[in-house]
Amino acid sequence: MLKILDDDYYDLIVNNVTVSSYGSDDITLLNSLHSLRHVLKYEIDACGLEQNPYETLPALFTLTSSLSLEKSGIEAVQNNPEFSLFGQGVIVGIIDTGIDYQHSAFINNDKTTRILYIWDQTIQEGLPPSGFTFGTEYNKSLINNALFSRDPSSVVPSMDTNGHGTAIASIIAGNPDSDHSFSGIVPQSELVVVKLKEAKHNLKNIFFAPTDSLCFQESDIMLGIRYLTTVSQKLNRPLVICIALGSSQSYIWVNNISFESSTGDPVILIRFENPLPGIWNLLVRNDEKEPFSFHSWLPSGNLISDETFFLKGDPNTTITTPGNTISTLTVTAYNQYNDTILIESGRGYTRSGLIKPDIAAPGYQLPCAIPKEQCSTLTGTGAAAAHTAGVIAMILEWAYSKGNFTAVTGIQINRMIIREARRNSLYIYPNNIWGYGQINIYNILNRLSGI
């Protein structure tokens, strides 16, 4: 069994500068900066990571979600013949629980698929993508063969048993469905999907995550991003990636002392095994007797029971990774029917004072597709992120596919979205709840078309 799949090996993220000191069989390339080192778990104790300094354990990521067209100006753009943007020429990358490729939301009128590739990390019987060592890649031709066969799953066995990935993909790119009053933001875009394998049990054990909890490890998401960018470069087409996942973990171990990965500040990881029930009080003291402050977070999503909580929790500074990084466009979710922020949305700013979230998008009961030709609704920041990804795909079509601004960059698009956000005169912007305001594609394109 490959070490990246073998639960007898811990996975540790290392800097590529150090990989030459390890055996090639112990290394999996993640990207240009980092690789994954595989360490036999019987050779190292979970609490003895000081034997491997300056290495990062992959964080555990969970799902972030459990109509809106007019609120974001999308309907006005699609009905305006000057714009008429539906995602042509743009690739939408999904890193999630997979996709129901047989759903009509992703099938053209001629019964062919709108999915270019699926990389299913959970299936090991087929060929992995070029440059990768595990999983199975299914291209458009093979997916079409499956759709025209009597037993599609015998040709392409990839499935979305959870439904979250299918829902996210449909909010961004699903075909219009008048019977259910549903349409994706960019129904003429094409999809590339990464179905993540579940996190290794040994990583769950380190963080005391329930063995049956659905969560994914950071390194597999990093590999998914590399795969999507490889496909985009091969096809020479613009790409928007939606990661509707989050984590409250981000640190590096150095000689059994952990440091927050982006700031270098110390982190204390506290693990309780079979604790006595009741109220626990933690006393934090500075040995230098100087003024100090600290933040505390519990594991996100389903990694902890509902019976464990802070008695006086603070909703601020609760944006999860990767939303608390500089380059990511961080989206919070609001109820588009009454213009109120969703209570489950994370709040800024980041612990280092970075202004987050960047933008607010509709995220309450967004119509979506789910497996087995059904429709439902999705609520949460994942739904809002999908909505925003669709908006970005519209900008990419106008700028790149239609030749209006072919040199546009992701950072420039982020700045456009922030600059042209809709703002309420009752609030001061930016703020730690709404960021810079509510996303509005019509304002962006009006500004761009006037330049």
Where is the tightest heavy-atom contact between [X] and [Y], given as atom of each residue plus distance?
X      : Y      : answer
Ala169 : Ile99  : CB-CD1, 3.9 Å
Ala333 : Gly380 : CB-O, 3.6 Å
Gln365 : Thr379 : N-OG1, 2.7 Å
Leu354 : Tyr349 : O-CB, 3.2 Å
Thr136 : Ile123 : OG1-O, 2.7 Å
Trp398 : Leu85  : CB-CD1, 3.8 Å

Is any side-chain heavy atom of [X] closer than 4.5 Å to a side-chain heavy atom of [Y]?
X      : Y      : value
Arg447 : Met416 : no
Val284 : Phe292 : yes
Trp119 : Tyr117 : no
Ile91  : Val240 : no
Leu116 : Leu191 : no
Ile395 : Ile441 : yes
Gln88  : Ser401 : no
Ile4   : Leu36  : yes

Practice prompt. Start with the C-alpha gap between Asp100 and Met159, add the side-chain angles, then the distance that decides, and say whether side chain to side chain contact (heavy atoms under 4.5 Å, CB included) holds.
Written response: CA-CA 6 Å; Asp100 178 8; Met159 298 180 182; over 6 Å; no

Fill in: Stepwise side chain to side chain contact (heavy atoms under 4.5 Å, CB included) test for Leu298 and Leu303
CA-CA 9 Å; Leu298 292 171; Leu303 302 184; over 6 Å; no

Any side-chain donor near an acceptor of the partner, [X] and [Y], under 3.5 Å:
X      : Y      : answer
Thr328 : Thr330 : no
Asn175 : Arg114 : yes
Lys3   : Tyr10  : no
Glu420 : Asn440 : no
Thr28  : His38  : yes
His34  : Asn16  : no

Any residue meeting side chain to side chain contact (heavy atoms under 4.5 Å, CB included) with [X], in chain and number order, not counting sequence neighbours:
X      : value
Asp110 : Asn108, Thr112
Ile221 : Phe61, Ile95, Leu196, Ile225, Ile243, Leu245
Leu142 : Tyr138, Asn139, Asn145, Val155, Val156
Ala386 : Ile168, Ile171, Ile172, Cys242

Worksheet item: Salt-bridged, Lys195 to Asp160, with N to O below 4.0 Å?
Response: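 No salt bridge links Lys195 with Asp160.
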
Item to complete: Given side chain to side chain contact (heavy atoms under 4.5 Å, CB included), test Leu203 with Asp11 step by step and report yes or no.
Response: CA-CA 8 Å; Leu203 187 61; Asp11 296 330; over 6 Å; no

Worksheet item: Taking only residues two or more places apart in sequence, or in another chain, which ones meet Asp96 in a salt bridge (charged side-chain N to carboxylate O under 4.0 Å, His left out)?
Response: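 With neighbours one apart ignored, the set is empty.
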
Worksheet item: Mind checking what makes salt bridge (charged side-chain N to carboxylate O under 4.0 Å, His left out) contact with Glu137, not counting sequence neighbours?
Response: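 Testing Glu137 for salt bridge (charged side-chain N to carboxylate O under 4.0 Å, His left out), a comparison that skips the adjacent residues, returns none.
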
Given 3.5 Å as the limit, does a donor-acceptor pair link the side chain of [X] with the main chain of [Y], or not?
X      : Y      : answer
Asp7   : Asn202 : yes
Ser170 : Ala369 : yes
Ser213 : Pro210 : yes
Glu218 : Ala59  : yes
Ser232 : Leu228 : no

Quick test of your reading: applying salt bridge (Lys or Arg N to Asp or Glu O under 4.0 Å), list the pairs with at least one residue in [range], sequence neighbours left out, ordered by first then second residue.
range            : answer
residues 204-217 : Glu198-Lys204
residues 352-379 : Lys356-Asp358
residues 302-331 : none

Item to complete: Please name all residues satisfying side chain to side chain donor-acceptor pair (under 3.5 Å) with Gln124, sequence neighbours left out, ordered by chain then number.
Response: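 With neighbours one apart ignored, the set is empty.
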
Worksheet item: What do you reckon, is CD1 of Ile428 surrounded by more than 12 foreign heavy atoms closer than 6.0 Å?
Response: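 Atom CD1 in Ile428 is not packed in, count stays at 12 or less.
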
Item to complete: Only counting residues at least two apart or in another chain, list the ones meeting ring pair (Phe, Tyr, Trp, His ring centres under 6.0 Å) with His295.
Response: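 Here the qualifying residues are Trp297.
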
Worksheet item: Mind checking what makes ring pair (Phe, Tyr, Trp, His ring centres under 6.0 Å) contact with Tyr400, not counting sequence neighbours?
Response: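 Partners of Tyr400 by the ring pair (Phe, Tyr, Trp, His ring centres under 6.0 Å) criterion come out as none, since no residue qualifies.
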
Item to complete: Just say parallel, tilted or perpendicular for the rings of Tyr334 and Trp434, cut-offs at 30° and 60°.
Response: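 Correct class here is tilted.
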
Fill in: Worked verdict on Ile359 versus Thr332 for side chain to side chain contact (heavy atoms under 4.5 Å, CB included)
CA-CA 6 Å; Ile359 202 76; Thr332 191; over 6 Å; no

Worksheet entry | Lys/Arg cation over aromatic Phe132: Arg226, 6.0 Å, 45° cone |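 That pair qualifies as a cation-pi contact.
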
